[in-house]
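On a predicted model such as this, the values are computed, not experimentally measured, just so you know.
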Amino acid sequence: MTPPLPGTGPVQVTLAEVNTGIVLDTHGRRFVGGGPPPVLEFASLEEARAFSQRRIQEQPQVECVLKRPSDGHVEVLRADPAQR
């Protein structure tokens, strides 16, 4: 398990397929376009975690990668393997 993100500030969430690591757009479709991968931005770690927990409950095949741009720390949230 990844340690929790320290500090404060905005948190970005990137969606990806658990089994392949392929980045998904904000609608859950495979991201195949040019440019930087799509991210969702939240004002706090708590908001980002709440969104991510809901997403992985609804779509257990998706993982959420939380990143705080200010310090580069990362946290990955995934559904329990039994739920996938």
Measuring from atom [atom1] of [X] to atom [atom2] of [Y], what distance do you get when rounded to the nearest 0.5 angstrom?
X   : Y   : atom1 : atom2 : answer
R29 : I22 : CZ    : CD1   : 15.0 Å
E63 : L15 : CD    : CG    : 9.5 Å
E47 : E41 : CD    : CD    : 10.5 Å

So which atom in [X] and which in [Y] form the shortest heavy-atom distance, rounded to 0.1 Å?
X   : Y   : result
P37 : F31 : CA-CE2, 3.7 Å
A16 : G21 : CB-O, 4.0 Å
V11 : S44 : CG2-C, 4.0 Å
Q12 : P69 : CD-CG, 3.6 Å
R55 : T26 : NH2-O, 3.6 Å

Less than 4.5 Å apart, side chain to side chain, heavy atoms only: is that true for [X] and [Y]?
X   : Y   : answer
D80 : P60 : no
V18 : Q61 : no
L45 : E75 : yes

Worksheet entry | Hphob cluster co-occupancy, V62 + F51, side-chain heavy atoms under 4.5 angstrom | yes
Worksheet item: Linking I/L/V/M/F/W/Y whenever their side-chain heavy atoms sit closer than 4.5 Å, directly or via other members, would V13 and V39 fall into one cluster?
Response: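 In one cluster: no.
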Worksheet item: What's the verdict on side-chain contact (heavy atoms from CB on, under 4.5 Å) for L24 and E17, showing C-alpha distance, side-chain angles and the deciding distance?
Response: CA-CA 7 Å; L24 304 172; E17 292 179 356; 3.8 Å; yes
Fill in: side chain to side chain contact (heavy atoms under 4.5 Å, CB included) partner of I56, the single match among Q59, E58, R54, Q53
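The side chain to side chain contact (heavy atoms under 4.5 Å, CB included) with I56 is passed solely by Q53 among Q59, E58, R54, Q53.
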Worksheet entry | Full working for side-chain contact (heavy atoms from CB on, under 4.5 Å) between T14 and C64 | CA-CA 6 Å; T14 302; C64 297; over 6 Å; no
